[in-house]
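Residue numbers begin at 1 in each chain, while the letters A, B, ... track the order of the sequences.
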Protein chains: 2
Amino acid sequence: MITFDAFKPTEGTPIYQQILLYIKRGAIAGTIRNGDELPSRRVLSALLGINPNTVQKAFKMLEDEALIESQAGAKSTMTLDGEKIAKLREEVLREDIRSIATALRQMGISREEAIRLLSENWEETES
Amino acid sequence: MITFDAFKPTEGTPIYQQILLYIKRGAIAGTIRNGDELPSRRVLSALLGINPNTVQKAFKMLEDEALIESQAGAKSTMTLDGEKIAKLREEVLREDIRSIATALRQMGISREEAIRLLSENWEETES
DNA sequence: GCAACTGTACTAGTCGTATAATACAGTCAA
DNA sequence: TTGACTGTATTATACGACTAGTACAGTTGC
């Protein structure tokens, strides 16, 4: 069963997108594996304190991307393979790196300073 | 006069927030300085192809944060000093670093791998 | 079989983002 | 002074995100 203990929603971005990213990043990290069960829509929405329809929207998009399988009455399960995970890495990880590099350059940060900042602030972040 | 040549709006985040960030990052980089004139609401909205009210909202928030001064009939100007810029660095730069570190850790990326990825993708980004 | 779960679908309402159109007052150069 | 710019304010409209409530059908364990 996939847990959402580490899920910390942020203000400003749609919750369903954050759920999507949470699952994708877990798949990239390997903490979420093929066949893993997801909590039901109702349970997860109660757990996160949001509307069931918001969870449903996120799960629907995961299914459209063929990352989960759902059928009425049973819990949804992850459907992952090496190819899909590689695609996720390219999609999520690459985009994250690209956007932070652009932002830092806009602030006049040099590559060396960027590396120093990232390295120094690595410990302080809570996973 | 502050230019918006390097302003590339992204989908998914409100435009007025992106304008805010663009100005703040410019101030942090030092490319935007105290006393610099901003384009008028109407001119900038036409330049960016967006509604004047959207620009007005961004400028209103900049004024609420005391980063610009406005008076009817005259162009708005930046009001920066060392303290404000230091505060912006803490607010924008720190948050950017913190969020990317969290995201990368969620994907199971090690500190060394993160540094390698950032370094490798530094060149490819266009400022 | 039955109860309690599961996924799925639909309508209605609120709120924030953004657009559109308009109006009024202050500044400034010709 | 006059006209073209400036900032500021208002109202109306559209759309997406999110909430709220309800309904129905399939699965599972007892």
Q: Look at the side chain of B/Thr102 and the backbone N and O of B/Arg98, then say whether any donor-acceptor pair between them is shorter than 3.5 Å.
A: yes
Q: I'd like to know if the side chain of A/Arg41 pairs up with that of A/Asn53 as donor and acceptor (distance under 3.5 Å, no hydrogens or angles considered).
A: no
Q: Could you tell me whether a side-chain N or O of B/Asp36 sits under 3.5 Å from a main-chain N or O of B/Arg33, the two making a donor and an acceptor?
A: yes
Q: Classify every nucleotide of nucleotides 23-30 of chain D by which part a protein heavy atom approaches to under 4.0 Å, writing B for the base, S for the sugar-phosphate alone and - for neither, in 5'-to-3' order.
A: B--BS---
Q: Expressed in angstrom and rounded to an integer, what is the separation of B/Lys75 atom NZ from D/dT8 atom P?
A: 14 Å
Q: Please check: side-chain N/O of A/Ser45 versus main-chain N/O of A/Arg42, any donor-acceptor pairing under 3.5 Å?
A: yes
Q: Answer whether the closest heavy-atom distance between the side chains of B/Lys84 and B/Leu67 falls below 4.5 Å.
A: yes
Q: Hey, is the main chain of A/Gly26 close enough, under 3.5 Å, to the side chain of A/Thr31 for a donor-acceptor pair?
A: yes
Q: Check every strand shown and say whether B/Glu63 touches a base, only sugar-phosphate, or nothing at a heavy-atom separation below 4.0 Å.
A: sugar-phosphate
Q: Reading DNA chain C from 5' to 3', where do the contacts with chain A start and stop? Cut-off is 4.0 Å to heavy atoms.
A: C/dT6 to C/dC10
Q: From CD1 of B/Ile68 over to C1' of D/dG7, roughly how many Å is that when rounded to an integer?
A: 10 Å
Q: Starting from C1' on D/dC5, measure out to CG on B/Leu44 and report it in whole angstrom.
A: 16 Å
Q: Looking at A/Tyr22, is its backbone amide N or carbonyl O close enough to the side chain of B/Gln106 to form a donor-acceptor pair, meaning the two atoms are under 3.5 Å apart?
A: no
Q: In residues 48-61 of chain B, which residues come under 4.0 Å of DNA chain C by heavy atom?
A: B/Ile50, B/Asn51, B/Asn53, B/Thr54, B/Lys57
Q: Does the distance from a Lys or Arg side-chain N to an Asp or Glu carboxylate O, for B/Glu120 and B/Arg116, drop under 4.0 Å?
A: yes
Q: Do you see a donor-acceptor pair shorter than 3.5 Å between the side chains of A/Arg105 and A/Ser110?
A: no
Q: Counting only heavy atoms from other residues, nucleotides and ligands, does the tally under 6.0 Å from CD of A/Glu95 exceed 12?
A: yes
